[in-house]
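The analysis underlying the following values was restricted to heavy atoms, covering all of them including side chains, and did not include hydrogens, waters or symmetry mates.
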Amino acid sequence: MGSHRRLPPSGPGRGAGAALCALSAAAAALGAVPAQASPHRDARAEVDRLYTEAERATEAYDRAGERAGVLRREVREAQDRIARGQQRVNTMRERLGSLAGAQYRSGGLDPAVALLLSDDPADYLDKAATLDRIDAQQAGQLKELRAALRDLAQQRTEAAGKLTALERSREAVAAHKRTVEHKLAQARRLLDSLPAGQRADFHQASRSGRTVLPDTGAPDVPDARAAAALAAARSALGRPYVWGATGPGGFDCSGLMQWSYEQAGIQLPRTSQEQLHAGRRIPLSEARPGDLIVYRSDASHVAMYAGNGQVIHAPYPGAPVRYDPVGVLPVSSVTRP
């Protein structure tokens with residue numbers, strides 16, 4: 001179909017082939033036999049579920065990692081401001097110390113006595129006027145120093161808060177990483193429990209995703225930036241799914257979208273949940289190449305519409321970046337960056 005023809009309906013009503021994970025579609029493509037004839041069907045459904053949960057944990061990992069990166073930059077900037085503020089305070093203290101020393105050296109006697117003992121009363125009066133001006137200057141600088149010290153204390157407090165938040169974000173990154181690795185390890189154990197023939201078929205289906213768009217005519221891409229992003233996504237076809245990765249050697253689902261649009265000069269947010277809001281929402285029936293197709297009610301998966309009813313995406317661990325039908329998962333929304 002052309003890029004503007006009405007797309008097929010999507011969502012839970014599309015049946016088992018559009019169930020909770022792309023692996024379900026792969027299993028359906030293998031022609032899975034009815035449950036009563038396949039004692040390992042439950043294990044394969046569990047693999048689907050674990051990969052789905054791993055992908056959700058991956059998006060949470062990406063989000064926590066992005067937050068940690070922002071906080072690291074903010075902490076560095078705060079530390080730079082504190083260092084500059086401390087240098088300013090030190091300079092002000094030195095200046096005030098010099099003025100105080102000058103006062104001490106010039107004073108020490110009652111002004112009337114000093115005037116009587118002075119060899120040159122006119123010279124003494126000139127010095128006294130200078131000291132009055134120094135006092136006024138010193139008072140102003142003391143006020144400025146107090147303000148600088150207050151600012152410095154506030155900056156230190158804010159920096160301490162950012163450091164605490166950074167530590168919490170690092171802990172979240174580590175926790176999500178453990179969750180991803182645990183889910184993937186469970187999925188691998190379940191796959192290993194399948195008979196050798198079924199396991200081989202499953203892995204073959206995962207690795208043999210299409211890297212050639214069905215020949216139904218070249219899609220029309222009216223926007224130059226979308227065309228550049230789509231070209232980048234096509235160049236990534238066949239590269240592996242790597243959770244937490246943003247390319248160019250491997251990608252998770254949102255990492256592929258971010259990298260592809262970055263090649264077009266557009267900076268997308270890191271996660272699929274954020275990419276959902278990275279442009280204008282449009283109906284699925286109006287999707288055109290380059291649009292982001294966001295899946296599931298929690299927006300935990302994202303792909304790029306490639307035209308002809310197909311998307312390009314990084315499906316799940318063990319599967320390469322590939323084309324799949326737009327309804328491979330339940331579509332939640334479409335965004336045009």
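Heavy-atom contacts from other residues, nucleotides or ligands closer than 6.0 Å to CZ of Arg336 number more than 12.
Val47 and Ala187 make their closest contact through CG2-O, 3.9 Å (heavy atoms, listed as atom of the first residue, atom of the second, distance). Residues Ala303 and Met257 approach most closely at C-SD, 3.5 Å, considering heavy atoms. Taking each heavy atom of Glu274 and Pro269 in turn, the nearest pair found is CB-CB, 3.3 Å. Scanning both residues, Gly249 and Pro240, for their nearest heavy atoms gives O-CD, 3.2 Å. Scanning both residues, Gly65 and Arg72, for their nearest heavy atoms gives O-NH2, 4.4 Å.
Under the 4.5 Å side-chain criterion, counting only non-hydrogen atoms from C-beta, Ser300 is not in contact with Tyr295. Side-chain contact check for Arg296 versus Ser332: every heavy-atom pair is 4.5 Å or farther apart. Side-chain contact between Leu145 and Val89 is present, with heavy atoms from C-beta onward closer than 4.5 Å. Side-chain atoms of Gln275 and Val294, non-hydrogen and from C-beta on, never get closer than 4.5 Å to each other. Residues Leu284 and Ile293 are in side-chain contact: their nearest non-hydrogen atoms beyond the backbone lie under 4.5 Å apart. With contacts defined as side-chain heavy-atom distances shorter than 4.5 Å, the pair Tyr305/Gln310 does not qualify. Side-chain contact between Tyr51 and Pro317 is present, with at least one heavy-atom pair separated by less than 4.5 Å. When side chains are defined from C-beta on, Leu256 counts as touching Ile312, because their heavy atoms get closer than 4.5 Å.
Atoms CD and CE, from Gln87 and Met92 in turn, are 12.0 Å apart once rounded to the nearest 0.5 Å. Interatomic distance, Arg189 CZ to Leu191 CG, rounded to the nearest 0.5 Å: 11.5 Å. Here Leu292 contributes atom CG and Leu268 contributes atom CG; the two are 6.0 Å apart, rounded to the nearest 0.5 Å. Between the CG atom in Leu329 and the CD atom in Glu55 there is a gap of 7.5 Å [rounded to 0.5 Å]. To the nearest 0.5 angstrom, Phe251 atom CZ is 10.5 Å from Gln258 atom CD. From His313, atom NE2 reaches atom OG of Ser272 across 13.5 Å, with rounding to the nearest 0.5 Å.
Of the possible donor and acceptor atoms, none in the side chain of Ser260 sits under 3.5 Å from a partner among the backbone N and O of Leu230. Panel note: side chain Arg81, backbone Gln155; no donor-acceptor pair is recorded below 3.5 Å. Checked by atom type and distance alone, the side chain of Arg239 pairs as donor or acceptor with a backbone atom of Ser235 at under 3.5 Å. In this structure a side-chain-to-backbone donor-acceptor pair under 3.5 Å is present from Thr335 to Leu276. At least one donor-acceptor pair under 3.5 Å links the side chain of Tyr261 to the backbone N or O of Gly290. Ser169 places no side-chain N or O within 3.5 Å of a backbone atom of Leu166 that could act as its donor or acceptor partner.
Within the structure, every pair that satisfies the salt bridge (charged side-chain N to carboxylate O under 4.0 Å, His left out) test and touches residues 298-313, not counting sequence neighbours, is listed here: Arg56-Asp298. Under the salt bridge (charged side-chain N to carboxylate O under 4.0 Å, His left out) criterion, no residue pair touches residues 300-316, with sequence neighbours excluded. For the salt bridge (charged side-chain N to carboxylate O under 4.0 Å, His left out) condition, the pairs that include at least one residue of residues 166-183, sequence neighbours left out, are Glu53-Lys183, Glu167-Arg170.
For Tyr61, the ring pair (Phe, Tyr, Trp, His ring centres under 6.0 Å) test picks out Trp243, with sequence neighbours left out. Remark: Arg270 engages Asp62, Asp252 in a salt bridge (charged side-chain N to carboxylate O under 4.0 Å, His left out) (not counting sequence neighbours). In this structure Glu144 satisfies the salt bridge (charged side-chain N to carboxylate O under 4.0 Å, His left out) test together with Arg88, sequence neighbours excluded.
One side chain, Arg156 or Gln86, offers a donor N or O that lies under 3.5 Å from an acceptor on the other. Residues Glu158 and Gln154 have side chains that bring a donor and an acceptor to within less than 3.5 angstrom of each other. Side chains of Glu59 and Ser254: a donor-acceptor N/O pair is present below 3.5 angstrom, by distance only.
No salt bridge links Glu66 with Arg63; every basic N to acidic carboxylate O contact stays at or beyond 4.0 Å.
Val321 is not connected to Val242 by any chain of hydrophobic side-chain contacts under 4.5 Å among Ile, Leu, Val, Met, Phe, Trp and Tyr, and they are in different clusters. Residues Ile282 and Val331 share a hydrophobic cluster, clusters being chains of Ile/Leu/Val/Met/Phe/Trp/Tyr side chains in contact below 4.5 Å. Side-chain heavy atoms closer than 4.5 Å link hydrophobic residues (I, L, V, M, F, W, Y) into clusters, and following such links, possibly through other members, connects Val173 to Val180. Cluster membership for Leu194 and Leu184, using ILVMFWY side-chain heavy atoms within less than 4.5 angstrom, is shared.
A ring-centre distance under 6.0 Å is not found for Tyr241 and Tyr316.
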